[in-house]
Engineer: 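Take a look at the following structure, please.
Residue numbers start from 1 in every chain, and the chains themselves are labelled A, B, ... in the order their sequence lines are given, proteins ahead of strands.
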Number of protein chains: 2
Amino acid sequence: MTKETTGTDTAAPIQKKRKVTVVEVAEAAGVSVSAVSRAFNPDASISRPLREKVFKAAASLNYKPNRLARGIKSRSSLVGILMTDFNNPFYLPILSRFTTEIQKRNCHSLLIHVDGDMDIQEAVELVMEYNVDGLIITSASLPQELVDACHSQNTPAVIFGRDSSENSVTVVSCDNVLAGNMAADMLLDAGYTKPAFVAGPIGTSATIDRQRGFISRLMERGCNQWQVVEGGEFSYDAGYDATLRIFQHTEKPDALFYADDIMACGGMDALRYELGLSVPEDIGVVGVDDIRLAKSRSYNLSTIRQPNEQMIQSTIDALFEHIADPHLPPQSITLPCEAVVRGSTQKTRT
Amino acid sequence: MTKETTGTDTAAPIQKKRKVTVVEVAEAAGVSVSAVSRAFNPDASISRPLREKVFKAAASLNYKPNRLARGIKSRSSLVGILMTDFNNPFYLPILSRFTTEIQKRNCHSLLIHVDGDMDIQEAVELVMEYNVDGLIITSASLPQELVDACHSQNTPAVIFGRDSSENSVTVVSCDNVLAGNMAADMLLDAGYTKPAFVAGPIGTSATIDRQRGFISRLMERGCNQWQVVEGGEFSYDAGYDATLRIFQHTEKPDALFYADDIMACGGMDALRYELGLSVPEDIGVVGVDDIRLAKSRSYNLSTIRQPNEQMIQSTIDALFEHIADPHLPPQSITLPCEAVVRGSTQKTRT
DNA sequence: CTGAAAGCGCTTACAG
DNA sequence: CTGAAAGCGCTTACAG
């Protein structure tokens, strides 16, 4: 019934709730605006009594500093998060942890979705328009242009990647070559002899490294009947389709190492429901990531687990260290991964 | 080798790359700063030739407006996204679409993770410190305090919820009572006679509505042997555990309606691998959401699909309409959902 | 349509 | 440690 009170001629213009400013707090506390500003700045030189006086006045007026106005001369308290892989469920908990950690440090997250259309250089520049204090880049692929873009702005940036061997910007990743080694060992140890690698997105360093580690270990151990198959994106469907394609070949593998768990799940469903094969009896399967589904009874997937928690923590720590001291040289942090043996490779040795 | 150039006594302080400002652009273009400002403001009154002159100078200097400085008097171009359900994969694509749509409109997303520790009032106030132009709240639960918090600030806000029947703030949701009706029909039509509802998080309006719709339809159709079980959070594990609990009762159901697909997946695994039951022969299963996994061969889950794309689009449209015209009255948009019949309810009628 | 000037809310040398 | 004043980069009445 009160629905139409707006829209009449007499409607008062909606006024943004007047925000309390430093000036008003200063008046209420009987101090200068400088004092108010300092009170809200953790490492400004101000006496304890003065700060408390300011706080009291601020609280009574319900004053909140305007972060935008602050950011113009000082820190914005904004951390940019650039993400590309919004279709991989792997990244939701990671995003969750990032925002939580950023908020703990009294900063906030500017989330930028970098998709195909928008080039990365552009995205990085854009985020700079907000004067972000730092930048986290989460991307399975790590194009050089991205690294350059970070470097050209001199804003602290850390790449939460799956890559390493970059030295002009800080990157934290896990050892993907090692992951490949482990996958090879798991399969060979279980008695499989003709493994294939199902690759992820082309140009993705993680995929490349995993493949390298996988193949080199196979060869080291005298296994020469391997093959590599294009996979496509990190997705259930990509794993499914790639698997069907493999079995049109004349050389059929007896084990599959997927670049990713979600691909492995798609692949297992294709194996079982389309191709009528049993896992692990007819064919062994290994993935990477240890997503929640991997340990479900439906998949029971052997996988290589990345030290997620540590990677996240290192990323955040490194970022804030660099924000605190911009002189710090970039570092490259590579963490080890861990093999998780489950049912999908539990073939009894023949 | 150049690694240690920093850190010596002579190290020049790292200077933030000097940003080009309006003043410099104005000089280069031979116009006033007002002109520069107007050129970058879509609906300012400025002649085409002047604007072009400014753009040319700006481009040659690689000028980008400082959004923080702009936001202090005008729009911040920031849209706050408040999220609580970071453990449900359902929300990743939604978040993806939100940020994409926001970016299309030349705005950016301030992502706030609202977790248990932090109360919502606080989160809303916080986001206001950034002068956000608008606010999207994504939450399965919709506590009154949240609605109040939005209302008290007068910033356009829309709740992407699973709720309705709120009229002081705009909310878009799907018809969860209808979802419950549909689930009841699917199960009854397939010949099941003793269904149970596995609830989601307590106090979540979506769960409550689904349950209401489910039960009322069952009773309408003369089915009185139903029961309701507490589920817990929307997660694989919660569905798994709840299912095991149900079967300790004396009254065993022959069909289960889970508040959520991810719970249903956990539940199906418990049924099949822990309880030795066949789906759909021994027991029918229905979920809600139609997540990617639902149509996988491993689950082949009947479900109720929400009109996600439309809900997202409506949310964004409503938000930007309200930003453009703050006088618009809040609206409540409820969209219909759709039944997706798959294998998990394909029991032949007995 | 255009420009000169005041102002947004906060920070930071500069004196004391 | 504290305050008066200048300044951050942009916007917006106010005149013309």
Engineer: Determine whether a donor-acceptor pair (N or O, by modelled atom type, separation under 3.5 Å) exists between the side chain of Ser74(B) and the backbone of Arg70(B).
Structural biologist: no
Engineer: Separation of Glu27(A) atom CD from dC10(C) atom C1', in whole Å?
Structural biologist: 16 Å
Engineer: May I ask you to evaluate whether Ser37(B) reaches the phosphate of dT11(D), defined as a side-chain N or O under 4.0 Å from OP1 or OP2?
Structural biologist: yes
Engineer: Would you tell me if any nitrogen or oxygen in the side chain of Asn66(A) comes within less than 4.0 Å of OP1 or OP2 on dC8(C)?
Structural biologist: no
Engineer: Once you round it to whole Å, what is the distance between C1' of dC10(D) and NZ of Lys64(B)?
Structural biologist: 17 Å
Engineer: Distance criterion of 3.5 Å, no angle test: do you see the side chain of Arg67(B) paired donor-to-acceptor with the base of dG9(D)?
Structural biologist: no
Engineer: With the side chain of Ser47(A) defined as its heavy atoms from C-beta on, choose the nearest nucleotide among dT2(C), dC10(D), dC1(D).
Structural biologist: dC1(D)
Engineer: Check the distance between dG9(C)'s P and Glu129(B)'s CD and give it to me in whole angstrom.
Structural biologist: 15 Å
Engineer: For DNA chain D, report each stem as range with range, ordered by first number, or say none. Use Watson-Crick or G-U wobble pairs under 3.5 Å, at least 3 in a row.
Structural biologist: C:1-3 with D:14-16, C:5-12 with D:5-12, C:14-16 with D:1-3
Engineer: With a 4.0 Å cut-off, would you call Asp115(A) and Arg97(B) a salt bridge?
Structural biologist: no
Engineer: For the pair made of CZ in Arg70(A) and P in dC8(C), what is the distance, rounded to whole Å?
Structural biologist: 19 Å
Engineer: Check this one for me: any side-chain N or O of Thr21(B) less than 4.0 Å away from OP1 or OP2 of dG9(D)?
Structural biologist: no
Engineer: Nearest-nucleotide wise, let me know which of Val31(B) and Ile72(A) is further upstream toward the 5' end of DNA chain C.
Structural biologist: Val31(B)
Engineer: Base, sugar-phosphate alone, or nothing: which one does Ser34(A) contact when heavy atoms must sit under 4.0 Å apart?
Structural biologist: base
Engineer: Does a side-chain N or O from Ser45(B) land closer than 4.0 Å to OP1 or OP2 of dC1(C), or not?
Structural biologist: yes
Engineer: Looking at Phe160(A), Tyr91(A), Phe320(A), which hits ring-ring contact (aromatic ring centres under 6.0 Å, His included) with Phe98(A)?
Structural biologist: Phe160(A)
Engineer: What nucleotide, of dA13(C), dC10(C), dC10(D), holds the atom closest to the side chain of Ala69(B)?
Structural biologist: dC10(D)
Engineer: Say whether, by atom type as modelled, one donor and one acceptor occur between the side chain of Gln103(A) and the main chain of His113(B) under 3.5 angstrom.
Structural biologist: yes
Engineer: Do the charged groups of Arg105(B) and Glu101(B) touch, with an N to O distance under 4.0 Å?
Structural biologist: yes
Engineer: Using atom P in both nucleotides, what's the gap between dT2(C) and dA6(C) to the nearest angstrom?
Structural biologist: 23 Å
Engineer: Glu52(A) has an atom CD; how far is it from atom C1' of dC1(D), in whole Å?
Structural biologist: 15 Å
Engineer: What is the distance, rounded to the nearest whole Å, between atom CZ of Phe40(B) and atom C1' of dT12(D)?
Structural biologist: 18 Å
Engineer: Using a cut-off of 4.0 Å on non-hydrogen atoms, how would the nucleic acid contact of Ile46(A) be classed: base, sugar-phosphate, or nothing?
Structural biologist: sugar-phosphate
Engineer: Nearest whole Å is fine: how far is dT11(D) P from Arg75(B) CZ?
Structural biologist: 13 Å
Engineer: Would the distance check show the side chain of Asn41(B) and the main-chain N or O of Ala44(B) forming a donor-acceptor pair, the cut-off being under 3.5 Å?
Structural biologist: no
Engineer: Among dA13(D), dT11(D), dG3(D), which nucleotide has an atom closest to any side-chain atom of Arg38(B)?
Structural biologist: dA13(D)
Engineer: How is Leu50(B) classified with respect to the nucleic acid when contacts are heavy atoms under 4.0 Å: base, sugar-phosphate, or nothing?
Structural biologist: sugar-phosphate
Engineer: If every non-hydrogen atom of Met311(B) is compared with every non-hydrogen atom of Val172(B), which pair is closest and at what distance?
Structural biologist: O-CG2, 3.6 Å
Engineer: Expressed as a whole number of angstroms, how long is the span from Tyr130(A):OH to dC8(D):C1'?
Structural biologist: 18 Å
Engineer: Respond yes when some side-chain nitrogen or oxygen of Tyr63(A) is under 4.0 Å from OP1 or OP2 of dC10(C), and no when none is.
Structural biologist: yes
Engineer: Could you check Ala44(A) against Asn41(B) and say which one's nearest nucleotide on DNA chain D is further toward the 5' end?
Structural biologist: Ala44(A)
Engineer: Is it true that a side-chain atom of Thr170(A) and a backbone atom of Pro330(A) form a donor plus acceptor pair closer than 3.5 Å?
Structural biologist: no
